[in-house]
Amino acid sequence: MSDTEGNSAYGKKSFKRSKSHFSDRVTADGRDGWPVGAGRYRLVVSRACPWASRAVISRRLLGLEDALPMAVTDPIQDDRSWRFTLDPGGRDPVLGIRYLAEAYEAREPGHPGGVSVPAVVDVPSGRLATNDYQQLTLDLATEWRDLHREGAPELYPEGLRDEIDQVMEEVYEDVNNGVYRAGFATGQEEYEAAYEGVFRRLELLSRRLAGQRYLVGDTITEADIRLFTTLVRFDAVYHGHFKCNRRKLTEDRVLWAYARDLYQTPGFGDTVDFDHIKRHYYQVHAGINPTGIVPAGPDLSGWLSSHGREELGGRPFGDGSAPGPVREGEEVPAAGRP
């Protein structure tokens with residue numbers, strides 16, 4: 001998510017998601033100049049942002065909390081974008097900056113494009129290393145392998161990568177990005193095309209998941225993480241705020257059970273902050289919600305209800321194990337949980 005022209009610009013021009021300008025990779029061999037190293041980098045995220053939430057989930061499932069410390073921004077951006085007002089003194093305690101934009105400027109003064117999360121910042125130099133949200137989690141699963149916890153799951157198994165990539169491409173185009181194209185549409189035809197794409201793909205996914213617990217294979221993969229981050233926001237923001245209102249997630253028996261299954265899996269729901277999600281979308285997108293009123297609903301208690309997906313079999317973590325308790329200081333506050 002980026003905000004290059006102020007919050008009131010949302011919904012005023014046709015939506016097109018830009019590619020990450022800083023597409024360097026942090027790799028085991030350091031071929032782009034950014035070698036993997038425990039404690040060298042800081043992962044900057046917003047719990048409101050679905051793209052950043054992928055990285056938060058992956059980091060927790062893989063046990064990278066010590067190797068890749070995390071900074072959480074305020075869900076409410078101002079016109080300089082993501083800010084560290086949740087921290088004492090309004091500065092990130094490690095990077096010493098007030099705005100993520102400062103790390104972007106340190107990397108490339110006057111860089112084109114906006115300031116987005118997730119962002120990986122090189123702590124010694126204070127410079128942004130990468131903001132490539134599409135590649136980041138794949139690299140966490142593969143290039144950071146030597147720093148994974150014992151029992152970390154295989155989120156991007158080699159033998160299934162072609163199928164995972166295909167599923168992720170379809171989910172990205174129609175669902176992850178489709179809800180944004182609907183929500184920020186500036187014309188009826190543009191909106192309806194995106195809207196139809198969202199629900200056409202959700203119907204296909206529902207059929208796929210009716211007979212299998214996870215999207216690809218019998219374990220959780222990167223594909224599940226990417227679908228989950230949209231589904232968990234669907235009824236809270238996309239159904240109303242983005243006008244994706246053919247049906248709620250709770251009205252699709254299969255997808256609702258699938259989403260609850262993942263939410264109740266360690267590493268997923270314990271990273272979700274509904275308070276941050278709702279306040280960000282409804283208060284930042286002034287162009288489509290000028291009053292800034294945040295809806296009181298929906299009722300979140302259903303996320304903790306029985307889902308019955310165990311009957312389909314599957315091994316959530318494959319030959320690995322569940323992550324341990326949430327790290328102290330990284331717990332989601334009570335206001336953001338069911």
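Just the heavy atoms: all of them, side chains too, but no hydrogens, waters or symmetry mates, feed the values below.
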Will you find, in the side chains of [X] and [Y], an N or O donor that is under 3.5 Å from an N or O acceptor?
{"X": "D132", "Y": "S23", "value": "no"}
{"X": "D165", "Y": "Y156", "value": "yes"}
{"X": "R233", "Y": "S53", "value": "yes"}

Can you list, pair by pair, the side-chain donor-acceptor contacts under 3.5 Å of residues 316-329, counting residues two or more places apart and other chains?
| unit_1 | atom_1 | unit_2 | atom_2 | d |
| --- | --- | --- | --- | --- |
| D319 | OD1 | R315 | NH1 | 2.8 |
| S321 | OG | R149 | NH1 | 3.2 |
| R327 | NH1 | D66 | OD1 | 2.7 |

R253 CZ: over 12 foreign heavy atoms closer than 6.0 Å:
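No, because the 6.0 Å sphere around CZ of R253 holds 12 heavy atoms or fewer from other groups.
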
Practice item. Step by step, work out the side chain to side chain contact (heavy atoms under 4.5 Å, CB included) result for V26 and D139. Key: CA-CA 7 Å; V26 179; D139 285 341; 6.0 Å; no

Do [X] and [Y] have side-chain heavy atoms sitting under 4.5 Å apart?
{"X": "V123", "Y": "R40", "answer": "no"}
{"X": "P50", "Y": "N176", "answer": "no"}
{"X": "Y172", "Y": "R226", "answer": "no"}
{"X": "L231", "Y": "L202", "answer": "yes"}
{"X": "T130", "Y": "W34", "answer": "no"}
{"X": "W82", "Y": "D74", "answer": "no"}
{"X": "Q134", "Y": "R54", "answer": "yes"}
{"X": "T291", "Y": "Y282", "answer": "no"}

Geometric cation-pi criterion R83 and Y99, 6.0 Å radius, 45° cone: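 Not satisfied by the 6.0 Å and 45° rule.
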
Both conditions, 6.0 Å and 45 degrees, for the charged tip of R260 above the ring of W256: are they met here?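 Checked: cation-pi criterion met.
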
Fill in: Residues in ring pair (Phe, Tyr, Trp, His ring centres under 6.0 Å) contact with Y41, at least two apart in sequence or another chain
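Ring pair (Phe, Tyr, Trp, His ring centres under 6.0 Å) list for Y41, sorted by chain: empty.
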
(Q) My understanding is that only residues two or more places apart in sequence, or in another chain, count here; which of them pass ring pair (Phe, Tyr, Trp, His ring centres under 6.0 Å) with Y104? (A)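 Y104 satisfies ring pair (Phe, Tyr, Trp, His ring centres under 6.0 Å) with F22, H111 only.
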
Which word best sums up how the rings of [X] and [Y] line up, parallel for under 30°, tilted for 30 to 60°, or perpendicular for over 60°?
{"X": "Y195", "Y": "Y191", "answer": "tilted"}
{"X": "F242", "Y": "F184", "answer": "perpendicular"}
{"X": "W303", "Y": "F274", "answer": "tilted"}

Q: Show your working on side chain to side chain contact (heavy atoms under 4.5 Å, CB included) between V198 and D174 and close with a plain yes or no.
A: CA-CA 5 Å; V198 168; D174 293 334; 6.0 Å; no

Note to self: Using the side-chain contact (heavy atoms from CB on, under 4.5 Å) definition, which of the options I277, T229, V332 pairs with V272?
What the structure shows: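 Per the side-chain contact (heavy atoms from CB on, under 4.5 Å) rule, the option paired with V272 is I277, out of I277, T229, V332.
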
ring-ring contact (aromatic ring centres under 6.0 Å, His included) assessment of F228 paired with Y258
CA-CA 9 Å; F228 173 79; Y258 166 79; 8.2 Å; no

- [ ] Decide yes or no on side-chain hydrogen bond (donor to acceptor under 3.5 Å, both in side chains) for T219 and E154, but give the supporting numbers first.
- [x] CA-CA 9 Å; T219 66; E154 285 278 356; over 6 Å; no

Taking all atoms of both residues into account, what is the closest heavy-atom pair of R59 and L43, and its distance?
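Nearest heavy atoms, R59 then L43: CD-CD2, 3.8 Å.
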
